[in-house]
Amino acid sequence: MGNGTTDRRRTSGTTDRRRTSGLYRRGSNMSEASFVTDVEMAQDEVGLELGLMPTHFLPPGQQLTKTIQVFAGPMSESVPTSISSFAHRRARAGSTTSFTYYDEDRSSEDGIEEEAIAEEYGDIEDLDIADEGVDLEAARQAESARRKSSGYSRRSVDAPLLRRHSVSSAGSGGGWRGGRVSQKIYILTEDLTIVVAGFKTSVAGFIGYAFLCTITVGMAWLLFRWLPRWKIRLIGTPAPLRDCDWMVIENQWGEFAVQEVGKQKYGRSLSSVFGESKKVAPRDYDEDDDPVIKQLRFLDYRYIRFCYHPLRDKFVLANTWKDPAWTNVNTLREGLDSEERDYRQRVFGRNVIDIKEMSIGQLLVDEAFHPFYVFQVASLILWSLDEYYYYAACIFIISVVSITTTLIETKATMKRLREVSRFECDIRVLRNGFWRYVESGELVPGDVYEVTDPNLTQLPCDSLLLSGDCIVNESMLTGESVPVSKLPVTDEALELLDLSASSIIPEVAKHLLFSGTKIIRARRPQEEGNDEAAALAMVARTGFNTTKGSLVRSMLFPKPSGFKFYRDSFRYISVMGGIAAIGFVASFINFVRLGLAWHLIVVRALDLITIVVPPALPATLTIGTNFALSRLKGKQIFCISPQRVNVGGKLDAVCFDKTGTLTEDGLDVLGVRVVQQPANRFSEILTDSMSVVPGASYERDPTIHYGANKSILYTMATCHSLRLIDDELVGDPLDLKMFQFTGWTFEEGEQKSGGGDEEEDRKLSPSVARPPPGMEYDIDDDPTDPNTKAIELGVLKSFEFVSQLRRASVVVRQFGSPSANVYVKGAPECMPDICRPESFPSDYENLLGYYTHRGFRVIACATKAIPKFNWIKVQKMKRDEAESGLEFMGFIIFENKLKPSTTGVIEELDRAGIRKVMCTGDNILTAISVARECNLIDKTAHCFVPHFVEGDSRTALARLRWESVDNPIYQLDEHTLKPLPPPAEHDASLPYDVSNLRNYSMAVSGDVFRWIIDFASEKVLQEMLVCGQVFARMSPDEKHELVEKLQSIDYCCGFCGDGANDCGALKAADVGISLSEAEASVAAPFTSRVFDISCVPEVIREGRAALVTSFSCFKYMSLYSAIQFTSVSFLYASASNLGDFQFLFIDLLLILPIAIFMGWSGPYSILSRKRPTASLVSRKVLTPLLGQIAICIVIQAIGFEYVQRQPWFEPPVLDKNKSNSHNSENTTLFLLSCYQYILSAIVLSVGPPFRQRMGQNVPFVITMVVTLLATTYMLFDPAHWLYKLMDLTYMSMGFKLFILVLAATGFVVSFASEKYLLPRLAVWIGRAKVWVNPKWRKRRKGYKSVV
């Protein structure tokens, strides 16, 4: 306790210091994003209504039910890169910070601090920070001191569905250790917060539950199935976590699951399950700290295993375990014995990604007992009791077909997903010191297996490569199909291995073989003297704990969409249900007054509910989306998350990657600028390898020394990461273009065996680059020397490209030469640190600026000689030693052309008022140049670039200076980011108008972005986010974070990119569009097979059209319900009703084709500056809808009153046991309402600026004409059989004309009101509301208040 108290004080002090300093920011994500570990996937809304079902309808134990309907592939959702961003990003719909079974109010701000700190077990401490005092590592405190505390309110914002189970009885400090009943856990890799609460089954409660289910004939069972919290309250008794039999799990989206606690005998020490916490200071072994666990208690939730920690009295993640013995590579090679393997399998389970397959019966029950289908069944029973047999039969057939189709698709999809995810093979494993074959499912962490086994084509688990080398294809995880080289793990990398982190750092990833990736090539060790016959790897993670397991898990459990349109639709349905209840009561009273039979009273009154809330209402939400999806598919744009189509219609900012998105995918070598000696100045641009090093002496300039020319050519030929697979060079596209420029050939090194068995007979053959035919010899060599060797450059050692250093290097030796050379290529900015200053020409910065300003990619080259070659010395050479004291040689200039469609699309988005942002890893000047070339930023306006004048990105008190990239005398105020007045001596004739505050933009580099996020004021941060147009030198994590920060100021943000480094941003964006044909689609809801940004306006256009169509269809279905409700209500007044075939005609022949073809209209060709509303319950939607309902009621009332005054009027005959539909009131209202159904569709068919004009929707026009003709035929001259079938009565010709005129008048009034009157009325209502109470004013979007 003493340690805990001390640490708590220390933490509290740190927290106070943070608050006072004001230098730290809460939403900072310091490069922890993982686009590998979380790749979201989704299901199609095949059941139409199923995808819209509130999660709390799910039954206990059926967590999987909602998410496995129809797997449609991957989808994109935001994955924040640290817990702090999870706290600060926009709240999603359905997300709740209030948990039913967790006492939020006891969480102090100290607890919030710990959330950001205690990550080892993926756990957020909940009740008392003292217990976790030892977890507060000093190093983490120092790191977090750069950021503000999270500080967001964790108080309950919603009334809990149940009383909170108090844990106050447990006391505080050590006194409550045995009594914890609930716990909050944050799973970093899943971005998931859950609360687990322990329960035992109450015998009395269970008897009561069974009794209720029995006496209600299963109705109580159904109710408890939809409302699991009620069932838990009835049968559950809160129990401590250490003793409970089952647990309730609730996540931040309110999704519920009930799971049994697994128990099995164990009998080994605590550290064998949880490892040794690195947060505990090293001390002598104490048995009390590592007791024997007699029984292992575990919980499996969403295929994630949590094990109960008896000392900490809580459940912790099992997938973060790291063997304490994993400190030395040599010890890893020993493998496991069978006993150890058996114990580890108990903890980690089998190494299979095995999705539980639900039986047809389970799926049928889940589908059939969905509230929508229960409502359908109740309606069918009701209609059958009312003798509407034909109508009931038609609806029954439609429902059966729908359920059957859904079941077949769900079953097929789950089978396909099981086949994709499950992988088993025989594998050669070291057990008990002997090699033998076992099934891959038997592997556990610590097992050593052979990678070079020819039968092994795909990796069965996450493993560390121990020896040999391996080339794998990780496109399944990253979307980038570039082969990746893997190297044997080192002791240093083992220390850095952190399996609890949200992502694997690059220093470790290059040694890690990820599960599910394909092996392109595996080779035995190549070191001289190494006699190992195979490449070995050690299992690090198995089953669902692997990266592939995480990917599959995210397919099964996608995050809720959070688009308020769907939420509003259920609110609206509930309002309609309220109206139905009023109608129910009114009709009930009226029928009692008329003295009808009780069964008829009940049936009639209940029938009113099925009219007001039509069963087809939820289905109409997806009509516009489905048509948009089919149109997008025709344009080679594929979507795997249908709900994102509507979100696309709300985009107001789009971020673009540069290379491969705005510009052509590949970079072509424009040429080389070499530093010529002895003049020490740049040469002219040399556009081919023959001009770099001419092959004949008469082609060479005698005044120039060609040493630097040869060195730069040799760098291009050897300093790359290319691999030769099936006689084809594969690797980074930039390296490939550079190597192809030389015209050389490349032979990858391999182990060659001599004739003898002795170790010295084995010789290492390094990778070799050779010049093209005719250039085999260096003409500077003495041609008469018989020992002259052909040029063969052997790569003795290579230092791979590291993103932090931004360079790569090789040590190369010419065959037969006594010396070796180091060749380095990298970003020009890193060269001054590693090259001799005198080797730079005086115009170095000017020439670099010349090319980068014009959008060229520039790579710098440098070299140095190692005079006395020594093989051992080279192999032991450190990177710092190799990359120092270099001679700068020159630039390789790459040309990156804009794609043909880029400029046009950017201008189109500009006209539509949609903000465009470039987000790239390239040089900032290159990025600005490309942005100006494609009109992303104004060519004639200032673009301000910041740089540090004091400190750097890690210095809290650093200072920035914002200077114009064209003329540094123009600057921005560092506190407000507004232009400063130009100096008096500035040239006023410049075309820039700096006084115009909108006529400038900003370009920000990754390090400045990082500093502003971490340390700058809120004002500067928001100004940068609103005015920043170019973000350069951005890492994948920073791209991801930029998207989240834009969302935090209310931008609906899209991201368009390609390649693995965009996956995080594609997932975080509201709409992510991938241009990669590889499996980058796992990170994005949209994938375009047309590799340019023309897909962006297409998605926006289709999104707007789909959104407007969904609104129109929903309004139409609402109006249809209101019209039918009005007709039936008028008829109920005299105990009459519509006939069976009248209902059939309206629902199946009018409403169904109209609702379908109404959504057929395509998007309008021009993107307007106006955006459609996304709120279904806004006054813009409800005012016109209520106005239309009022008009329809008035029209029907006129017809109803007028028909009663006709001399031929046939009144309804009151039958106390049966409704009479054969009367004049029925005929009048039926025919009048038919016109209203048809003509309302015309009124509500929205055209420009979001959809095509109605005339272009041919199927809809045909439907209108046919239905109008059919209704007019029934009105004027129906055939006798039709007359009888539809229960029509006699009407005079004058009255028939009156109905036609009345319907036409209603149409004209409705059309004029919809177009002119009702929208203005909505505006007036809005103004009046603000006048009455200014607090009701609509909140402006965050970014609009900054501008």
Side-chain angles (χ1 to χ4, degrees), residues 326 329-338 340-341 344-345 348 350-354 419-477 483-489 509-527 529-543 545-549 723-726 730 748-753 757 762 764:
W326 292 355
V329 174
N330 291 326
T331 61
L332 303 185
R333 295 169 179 249
E334 296 168 5
L336 302 176
D337 58 35
S338 296
E340 181 69 24
R341 190 214 73 84
R344 290 192 182 184
Q345 188 165 20
F348 302 107
R350 279 174 52 79
N351 177 38
V352 285
I353 299 174
D354 193 12
E419 289 170 356
V420 168
S421 57
R422 191 182 175 92
F423 173 76
E424 283 192 281
C425 63
D426 287 336
I427 196 161
R428 203 158 169 263
V429 177
L430 182 63
R431 285 274 168 80
N432 300 319
F434 296 96
W435 287 97
R436 60 182 175 133
Y437 277 98
V438 300
E439 288 185 1
S440 60
E442 302 297 315
L443 293 174
V444 295
D447 265 329
V448 173
Y449 68 94
E450 183 185 336
V451 184
T452 40
D453 186 343
N455 298 320
L456 190 65
T457 58
Q458 185 175 319
L459 292 161
C461 54
D462 285 355
S463 323
L464 285 167
L465 188 63
L466 300 180
S467 64
D469 66 84
C470 202
I471 298 174
V472 293
N473 183 343
E474 295 182 348
S475 62
M476 187 195 82
L477 301 175
V484 180
S485 295
K486 300 292 181 178
L487 305 171
V489 70
K510 65 183 179 183
H511 309 296
L512 200 59
L513 302 169
F514 293 105
S515 173
T517 56
K518 290 183 171 57
I519 299 174
I520 297 174
R521 188 188 71 194
R523 297 192 304 182
R524 54 161 293 180
Q526 303 297 299
E527 296 88 2
N530 191 328
D531 59 351
E532 272 191 305
L536 304 180
M538 186 206 70
V539 179
R541 294 189 292 204
T542 58
N545 295 335
T546 63
T547 45
K548 182 182 177 183
R723 295 287 180 270
L724 200 63
I725 297 170
D726 297 331
V730 293
E748 196 174 351
E750 58 185 28
Q751 185 86 11
K752 292 181 178 177
S753 296
D757 293 328
R762 297 181 182 274
L764 181 70

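Under the 4.5 Å side-chain criterion, counting only non-hydrogen atoms from C-beta, Asp469 is not in contact with Ser485. At a threshold of 4.5 Å between non-hydrogen side-chain atoms, the residues Trp326 and Val489 do not count as touching. You'll find the side chain of Asn455 stays beyond 4.5 Å of the side chain of Cys425, heavy atoms only. Between Ile353 and Thr546, some side-chain heavy-atom pair lies under the 4.5 Å cut-off. Contact check for Trp435 versus Val448: side-chain heavy atoms found under the 4.5 Å cut-off. Within the 4.5 Å cutoff, side-chain heavy atoms of Asp337 are placed close to those of Asn432. Looking at Leu512 and Leu464, their side chains come closer than 4.5 Å, going by heavy atoms from C-beta outward. Side-chain atoms of Ile427 and Val438, non-hydrogen and from C-beta on, do get closer than 4.5 Å to each other.
With salt bridges taken as basic N to acidic carboxylate O contacts below 4.0 Å, none links Asp462 and Lys548. Electrostatic pairing of Arg431 and Glu442 does not count as a salt bridge here, judged by no charged N lying under 4.0 Å from a carboxylate O.
A distance of 12.0 Å separates CD1 of Ile519 from NZ of Lys486, quoted to the nearest 0.5 Å. Taken to the nearest 0.5 Å, the CG atom of Asn473 stands 5.0 Å off from the CD1 atom of Ile520. Distance check, rounded to the nearest 0.5 Å: CG of Leu465 to NE2 of His511 gives 9.0 Å. Here the straight-line distance linking atom CZ of Arg723 with atom CD1 of Ile471 works out to 5.5 Å at 0.5 Å rounding.
In this structure, Pro525 and Ala534 approach most closely via the heavy-atom pair CD-O, 3.5 Å. Scanning all heavy atoms of the two residues, the minimum distance from Val451 to Leu536 falls at CG2-C, 4.0 Å. Shown here for Glu450 and Leu456, the closest heavy-atom pair between the two residues is O-CD2, 3.8 Å. Residue Pro460 comes nearest to Leu443 through the heavy atom pair CG-CD1, 4.1 Å, listed as atom of the first residue, atom of the second, then distance. Heavy-atom minimum distance, Val472 versus Leu459: CG1-CD1, 4.2 Å. Listed here is the closest heavy atom pair of Ala535 and Thr452: N-OG1, 3.1 Å.
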Carefully, step by step, assess Glu439 and Asp426 under the rule side chain to side chain contact (heavy atoms under 4.5 Å, CB included). CA-CA 5 Å; Glu439 288 185 1; Asp426 287 336; 4.0 Å; yes
